Novice: 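Dropping the structure in here first, questions after.
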2 protein chains.
Amino acid sequence: MKARKIKNRKYHTIQDFIRKRIQGGTYPVGSYLPSENEICGQFSTTRTTVRKALDELLKEGFIEKEQGKGSKVVERRKSLGLLTVKGFSGSIDYEVKTIVTKGPKITQWDPIIPFALTEEEKKSDCVYFQRVRHINDRPVVLENNWYANDALQVIDSGEFIEGSFFKTLSQAYFIEVMGAEQELRSIPASQEVAKNLGIQEGIPILHISVRFRTSKPGLNLYGDLYCNTTDYPIRNSYFL
Amino acid sequence: MKARKIKNRKYHTIQDFIRKRIQGGTYPVGSYLPSENEICGQFSTTRTTVRKALDELLKEGFIEKEQGKGSKVVERRKSLGLLTVKGFSGSIDYEVKTIVTKGPKITQWDPIIPFALTEEEKKSDCVYFQRVRHINDRPVVLENNWYANDALQVIDSGEFIEGSFFKTLSQAYFIEVMGAEQELRSIPASQEVAKNLGIQEGIPILHISVRFRTSKPGLNLYGDLYCNTTDYPIRNSYFL
DNA sequence: AAGTGGTCTAGACCACGCG
DNA sequence: GCGTGGTCTAGACCACTTT
């Protein structure tokens, strides 16, 4: 009920404007944005302000800067979620495929989620789907996902852009992942996990519980992942 | 032999100056830096430049900004290494203790390290030590560490500040962790791991191989961690 | 009211990439 | 040589916190 009055910040206007153009495809991945001076002209402002806007887009992972050349639109790696299966990006020795095995369908929240749901989420039904990720035609990750149906409609799996749920959110709904929290555990494979990943029951499996926070207020995505790390360890990098 | 000529950037000078004062204890954790205007005066410059320097220190995790109050020195969370045992920070329900069980001593590189060593590292001996981390008096993490002896002398475990190797590097040697790469696997506990963590052989264990990059050229720290995640899962958060 | 950080203007010169 | 992003100056006003 309480309305938040938010002061207009010029660099936010510019930042949002450019982000939408990137998401909408006006500035496709690999292309260069207009130069800082051109943007100054478009928004009748100075380079300090434009550079602040670009700095934010840089932090958000939408662009990279190249001195003497320009600001290049890049594939957002960060939104993949910090953890990637070894070789998922960069190498061409891996063929990756994602198969939706259940849903998306409306159901009840699963108590396996180790994060505290918000009041709004508790009151809402949730959308659930399950996927299995394959590398070189072998199943490696079993992934369960949930989100509150109040915050976002059911998105049919046939609608997934390039099989990616996050890409769909970004390009079709302009929703971006802003951050994540994770819990990692090493557990023996349950019968269901073993069956889906084609391994023996009891083999050590990396279990990841994750909550993704998005740019859409109230919308969190919950994940419950089972990774067979025998041949494909999970990787991440971190730079200050 | 080749000397790199690096252009003086005023904000780097300011940034380095303040970082050293933080590391040296002139600005202890919890205190506030001089105001931006004061720093302007000290360095005969303008707020734009000072703010750029503070922005960098913010990214490095040394300070936080509080509007209307000032720039506060904070404990660097980032350098702990992205992954923390649940409850390690923030909660007081956990009593954490680290026991050095081997070394530090000079030895040969262990082939278990899954990262490609540099030529300089290969040619050097390495310093090795092993620690066991306890939570509430129960062993939870077995940790092996290595670094090239060429790049850094042997640091005696008695010299560790508050039992922390990273804190020692920062406060006694002014070396900071700049980033890290990790590989995570779920494996059955070996006999040695089981013995050190007081668990049964074969129980699923989270194995983490990590390379920390530091601010000292040529110095990488390698880690090989075995975590019993049964009671204390590994956590991390990520924000864009 | 005073002091702090946050935003913004209107310039300037430098370092880099490329034709 | 020209256009790009990177650094820097010298101001101004605003929003927030504290006294």
Side-chain angles (χ1 to χ4, degrees), chain A residues 2-19 21-22 27-74 239-240, chain B residues 2-19 21-22 27-74 239-240:
Chain A
K2 48 181 173 185
R4 281 282 291 154
K5 184 63 182 285
I6 295 182
K7 184 71 199 314
N8 265 350
R9 264 155 288 210
K10 207 160 193 172
Y11 76 85
H12 271 164
T13 311
I14 300 173
Q15 181 186 348
D16 292 346
F17 179 87
I18 295 178
R19 192 198 299 104
R21 270 174 137 53
I22 291 175
Y27 303 138
V29 170
S31 70
Y32 288 87
L33 299 184
S35 76
E36 295 180 355
N37 280 316
E38 282 182 74
I39 301 172
C40 289
Q42 286 173 40
F43 290 91
S44 306
T45 185
T46 56
R47 275 187 65 208
T48 310
T49 304
V50 169
R51 283 178 63 76
K52 173 72 175 167
L54 295 181
D55 252 19
E56 294 299 314
L57 291 168
L58 185 67
K59 282 189 215 164
E60 289 178 349
F62 285 102
I63 62 171
E64 275 174 11
K65 298 203 148 196
E66 296 173 6
Q67 192 172 35
K69 295 182 73 177
S71 302
K72 197 202 303 194
V73 178
V74 294
F239 297 97
L240 294 185
Chain B
K2 49 183 173 184
R4 281 282 290 156
K5 186 61 181 286
I6 295 181
K7 184 70 198 315
N8 264 350
R9 264 155 289 209
K10 205 160 193 171
Y11 76 85
H12 271 163
T13 310
I14 301 172
Q15 180 187 348
D16 292 345
F17 179 87
I18 296 177
R19 193 197 298 103
R21 271 173 140 44
I22 292 175
Y27 304 138
V29 170
S31 69
Y32 288 86
L33 299 184
S35 77
E36 295 180 354
N37 280 316
E38 281 182 75
I39 300 172
C40 288
Q42 286 173 41
F43 290 91
S44 306
T45 184
T46 56
R47 277 187 65 208
T48 311
T49 304
V50 169
R51 284 178 62 77
K52 173 70 175 167
L54 295 181
D55 254 19
E56 294 299 314
L57 291 168
L58 186 68
K59 282 188 214 162
E60 291 179 349
F62 285 102
I63 63 170
E64 275 173 13
K65 298 201 143 197
E66 297 174 6
Q67 192 172 36
K69 296 182 73 178
S71 302
K72 198 203 302 195
V73 178
V74 295
F239 297 97
L240 293 185

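Letters A, B, ... mirror the listed sequences (proteins, then strands); counts begin at 1. Keep in mind that this is a model prediction, so the values were computed, not measured.
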Novice: Round to a whole Å and report the spacing from CG of A:Leu54 to C1' of D:dG6.
Specialist: 13 Å
Novice: For A:Glu36 and A:Leu54, which heavy atoms make the closest approach, and how far apart are they?
Specialist: CG-CD1, 3.7 Å
Novice: What is the nucleic acid contact for A:Thr48, judged by heavy atoms within less than 4.0 Å: base, sugar-phosphate only, or nothing?
Specialist: base
Novice: Counting the atoms with a prime plus P, OP1 and OP2 as sugar-phosphate, which does B:Ser35 contact under 4.0 Å by heavy atoms, base, sugar-phosphate, or nothing?
Specialist: sugar-phosphate
Novice: Tell me the interatomic distance from B:Glu64, atom CD, to C:dG5, atom P, rounded to whole angstroms.
Specialist: 14 Å
Novice: Is it the case that the base of D:dG6 and the side chain of A:Arg47 share a donor-acceptor contact (distance under 3.5 Å, atom types as modelled)?
Specialist: yes
Novice: Between A:Ser44 and B:Gly68, name the one whose nearest nucleotide on DNA chain C is closer to the 5' end.
Specialist: B:Gly68
Novice: Just how far, in rounded Å, is C1' of C:dT4 from CZ of B:Arg51?
Specialist: 11 Å
Novice: In whole angstrom, what separates B:Tyr32's OH from D:dT17's P?
Specialist: 11 Å
Novice: Let me know the distance between NZ of B:Lys52 and P of C:dT7, rounded to the nearest Å.
Specialist: 15 Å
Novice: Which residue pairs pass the ring pair (Phe, Tyr, Trp, His ring centres under 6.0 Å) test with at least one member in residues 44-67 of chain B, sequence neighbours excluded?
Specialist: none
Novice: It should be established whether A:Lys10 places a side-chain nitrogen or oxygen under 4.0 Å from OP1 or OP2 of nucleotide C:dT9.
Specialist: yes
Novice: CD1 of B:Ile63 versus P of C:dT4: gap in Å, rounded?
Specialist: 15 Å
Novice: On the nucleotide D:dT9, are OP1 or OP2 found under 4.0 Å from the side-chain N or O atoms that B:Thr49 carries?
Specialist: yes
Novice: Can you tell me if the side-chain N/O atoms of A:Lys69 get under 4.0 Å from OP1 or OP2 in C:dC18?
Specialist: yes
Novice: Looking at B:Lys52 and B:Asp55, is there a salt bridge between them, counting it only when a charged N and a carboxylate O are closer than 4.0 Å?
Specialist: no
Novice: Decide, yes or no, whether a salt bridge links A:Glu64 with A:Lys69 under the criterion of side-chain N to carboxylate O below 4.0 Å.
Specialist: no
Novice: To the nearest Å, give me how far apart CG (B:Asn37) and P (C:dG3) are.
Specialist: 11 Å
Novice: Write down the distance between CD (A:Glu38) and P (D:dG5), rounded to a whole number of angstrom.
Specialist: 9 Å
Novice: Quick check on C:dC8: is either OP1 or OP2 less than 4.0 Å from any side-chain nitrogen or oxygen of A:Tyr11?
Specialist: no
